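Single-structure report; data block below.
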Number of protein chains: 2
Amino acid sequence: MKIIDKAVPTIYEVSRLAGVSLATVSRVINDSERVREKTRQKVLAAMEELGYRPNSMAQALASHRSNSVGVLVSELHGPFFGAMLSTIEKTLRAAGKFAIFTAGHSEEANEKEGMQFLMSRNCDAMILHVEATTDEYLLECKDSMIPFVLVNRLVPGLGDRCIALNNERGSYLATKMILQLGHRQVAYVSGPLNWADARERLAGHKRALAEFGLHLEPSLFREGDYREDSGSRALAELLDQEVQFSAAVCANDEMAAGAMAVAHDRGLAVPEDLSIVGFDNAPLSRYLYPKLSTVDYPIEDMSRMAARWLLRNVYGDETLEIVHQFEPKLLPRESSRPVKD
Amino acid sequence: MKIIDKAVPTIYEVSRLAGVSLATVSRVINDSERVREKTRQKVLAAMEELGYRPNSMAQALASHRSNSVGVLVSELHGPFFGAMLSTIEKTLRAAGKFAIFTAGHSEEANEKEGMQFLMSRNCDAMILHVEATTDEYLLECKDSMIPFVLVNRLVPGLGDRCIALNNERGSYLATKMILQLGHRQVAYVSGPLNWADARERLAGHKRALAEFGLHLEPSLFREGDYREDSGSRALAELLDQEVQFSAAVCANDEMAAGAMAVAHDRGLAVPEDLSIVGFDNAPLSRYLYPKLSTVDYPIEDMSRMAARWLLRNVYGDETLEIVHQFEPKLLPRESSRPVKD
DNA sequence: CTGTTAGCGCTTTCAA
DNA sequence: TTGAAAGCGCTAACAG
């Protein structure tokens with residue numbers, strides 16, 4: 001079953017109409033080599049008249065480059081990835097490249113398969129946001145695969161290919177703010193500690209505590225999975241204990257939202273009775289009531305940078321500057337306030 | 001600059017190693033035609049040994065089909081489109097096809113360019129979520145372009161290619177609920193009326209009013225643009241008038257969120273003083289306080305159906321049943337309640 | 001059931 | 001500055 005065919009004009013039609021050779025037409029298509037201006041005009045006119053459009057498959061086959069880059073993210077939906085895809089597509093397309101997206105669902109097997117899939121689509125390169133794949137595997141891939149850049153991850157030995165956020169500093173800032181507001185019993189709801197960013201965020205929390213002469217109280221610590229429900233569960237458990245606390249620092253906004261819902265349910269006023277801070281500055285953080293204090297994750301800037309990395313390192317645009325580490329910003333809003341005396 | 005090359009084995013290597021012809025290898029790749037089981041095994045073994053992967057560009061070029069479908073949506077981010085992309089990608093990939101996404105930003109020129117872009121990528125077909133493109137243009141495209149299916153739109157003359165929601169019924173249900181709760185002064189915040197779905201939703205609102213012997217009061221009507229701010233502006237204007245009303249029906253959740261924020265600011269309690277209803281069941285509707293009563297938009301089901309339409313009509317999977325119109329469901333939550341007597 | 005043989009539409013040396 | 005010709009890796013008749 002032929003599908004593409006529509007009696008589309010080919011380079012051959014153009015060359016005939018323009019009275020030049022295939023090679024010449026090809027040259028003006030890739031507006032590369034020297035072609036006499038007059039010839040170029042003739043060809044352009046012919047292309048116009050025929051409504052000619054180069055066949056990208058044929059170009060790819062002959063030139064060994066597809067102008068496509070594969071993007072593997074955990075999910076295709078959600079505010080975080082939405083912003084990522086959107087930015088990457090825009091940046092790439094402005095440069096005449098295009099993106100193929102696929103999801104790895106934070107599972108090792110899926111992530112590997114996703115990479116294979118992108119390879120099989122003959123992508124020139126990849127942008128990877130992977131969580132389950134190990135550092136070791138990524139290191140191997142460096143030589144066995146097409147070029148790739150990692151977003152939101154710092155792999156030793158792959159430094160130049162990483163675009164990461166200073167997660168540690170982000171939660172350091174969050175916790176420090178809470179401490180500066182006078183809170184001393186501070187609960188922490190962590191992300192899954194088998195993921196590096198969750199560990200980094202926890203580290204920042206600890207550093208801030210240490211600066212105030214405190215340390216992480218196991219009874220005030222819970223590990224969640226970055227999803228809303230786990231935040232609810234964590235806060236409920238924390239509340240069910242005897243231990244007092246006046247603030248809860250959550251490793252992301254979803255969990256903070258879950259925690260806030262539980263606080264409401266239990267009749268605890270936020271922030272009067274309990275201050276809550278999130279991380280990521282997801283859109284939902286502005287819809288929560290009260291508006292969530294959080295830490296901004298510059299995912300758009302980082303995604304754009306990942307795309308630029310490729311434009312520079314794969315497509316040879318040397319004019320692009322690359323930044324590897326991005327800094328988070330504290331965003332105090334309404335869910336945090338000084339501790340009641 | 002060659003990019004793809006990695007000394008990748010070709011079908012030729014495989015045929016040599018297996019001791020068969022190119023054609024035979026091709027047959028087992030497309031596990032189509034009759035190949036003796038023993039031969040197949042030999043070929044498979046050779047492919048395995050070489051780590052062979054078919055070159056999709058070459059396949060596309062030779063077979064006139066790329067196994068790729070283009071997806072043009074208004075935006076790549078946001079909950080609505082996120083769910084769409086996610087579902088489409090999953091469905092397509094499970095069928096061995098893949099998707100190329102691009103955004104039209106609800107502007108006619110961008111939408112047209114997006115379609116051209118997808119055509120130039122040699123997609124076999126397209127899934128279109130377009131708002132600015134006219135019915136007439138779409139009608140023309142029917143013959144001049146690759147096959148496409150429309151999501152969230154019903155174009156006369158393109159019935160079989162449309163996957164749409166019964167918007168009219170959705171807002172009919174929303175308004176009817178409000179009226180059944182005893183409200184009689186009901187404000188309506190519409191979407192942009194140059195978009196069909198906004199008109200349909202308004203029609204449903206009017207029908208419900210009519211059933212209760214009411215009609216649309218111009219002073220209680222405002223046209224927004226489906227964005228949060230316009231909902232805020234609309235409610236503020238409404239409130240600044242002399243006219244009383246005890247409920248506001250909004251044509252989508254974003255605008256409802258904006259309206260709710262204004263109500264809070266003005267010291268109006270929701271739903272005690274003012275009931276508010278949205279439309280779409282966007283994720284944010286659950287985060288609002290109080291939780292927003294709304295109408296569910298089954299975007300995932302609809303996206304999946306769009307993908308199936310292609311699988312059936314373009315790739316020939318006759319086993320798939322196609323549904324063209326989907327029905328919305330009312331989702332009463334906490335932002336609506338009986339009118340105060 | 002398997003092999004031969006043309007291409008698919010374009011790029012890219014190499015000559016002219 | 002332009003043209004001729006040899007592929008890129010694979011599919012698809014058509015034979016056998």
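It should be emphasised that the depicted structure is a prediction, and the values quoted were computed from it without experimental measurement. Proteins come first, then strands; the chains are lettered A, B, ... in the order of their sequence lines, and each starts at number 1.
Note: A/F101 and B/F101 have parallel aromatic rings, judged against thresholds of 30 and 60 degrees for the angle between ring planes.
Atom CG of A/N313 is separated from atom CD of A/E318 by 8.0 Å, given to the nearest 0.5 angstrom.
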Notebook entry, point to check: How far apart are the C-alpha atoms of B/R40 and B/E37, what are their side-chain angles, what is the distance that settles it, and do they pass the salt bridge (Lys or Arg N to Asp or Glu O under 4.0 Å) test?
Noted result: CA-CA 5 Å; B/R40 168 189 308 285; B/E37 187 51 28; 3.5 Å; yes
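With rounding to whole Å, A/D31 atom CG is found 15 Å from D/dT1 atom P. The distance between atom CG of B/D124 and atom P of C/dC8, rounded to the nearest whole Å, is 19 Å. In this structure, A/Y12 atom OH and C/dG7 atom C1' are separated by 14 Å, rounded to whole Å. Atom pair A/H64:NE2 and C/dT11:P shows a separation of 12 Å (rounding to whole Å applied). C/dC8 atom P lies 17 Å from atom CD of A/Q59, rounded to whole Å. One can place CE of A/M47 at 13 Å from C1' of C/dC10, the figure rounded to the nearest angstrom. Rounding to whole angstrom units, CD1 of residue A/I11 and P of C/dG9 are separated by 11 Å. Rounded to an integer number of Å, the gap from CG of A/L50 to P of C/dG9 is 13 Å.
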Identify the pairs formed between an N or O of the protein and an N or O of nucleotides 3-6 of chain D at a distance under 3.5 Å, and give each distance.
unit_1 : atom_1 : unit_2 : atom_2 : d
D/dG3  : OP2    : A/S21  : N      : 2.9
D/dG3  : OP2    : A/S21  : OG     : 3.1
D/dG3  : OP2    : A/T24  : OG1    : 2.7
D/dG3  : N7     : A/R27  : NH1    : 3.4
D/dG3  : O6     : A/R27  : NH2    : 2.5

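In this structure, a donor-acceptor pair under 3.5 Å is present between the side chains of B/S74 and B/E131. Between A/E75 and B/S86, the side chains place no donor N or O within less than 3.5 Å of an acceptor N or O (distance only, hydrogens not considered).
Residues A/A62 and B/V25 both approach DNA chain D. Their nearest nucleotides, taken by heavy-atom distance, put A/A62 toward the 5′ side. Mapping B/R36 and A/L61 onto DNA chain C by nearest heavy atom places B/R36 at the nucleotide closer to the 5' end.
For A/F81 and A/H129, the ring centers sit closer than 6.0 Å to each other. Between B/F326 and B/Y297, the gap from one ring centroid to the other reaches at least 6.0 Å.
A/R308 places no side-chain N or O within donor-acceptor distance of the main-chain N or O of A/I322, the cut-off being under 3.5 Å.
With a 6.0 Å radius and a threshold of 12 heavy atoms from other residues, nucleotides or ligands, B/E321 has its CD atom at or below the threshold.
Dashed line: the shortest gap from a side-chain N or O of A/S26 to OP1 or OP2 of C/dT11 is under 4.0 Å.
Using five terminal pairs a side, the axes of the helix from C/dC1-D/dG16 to C/dA16-D/dT1 at its two ends make an angle of 30°, given in steps of 10 degrees.
Among the nucleotides C/dT11, D/dC10, D/dC8, the one closest to any side-chain atom of B/N55 is D/dC10.
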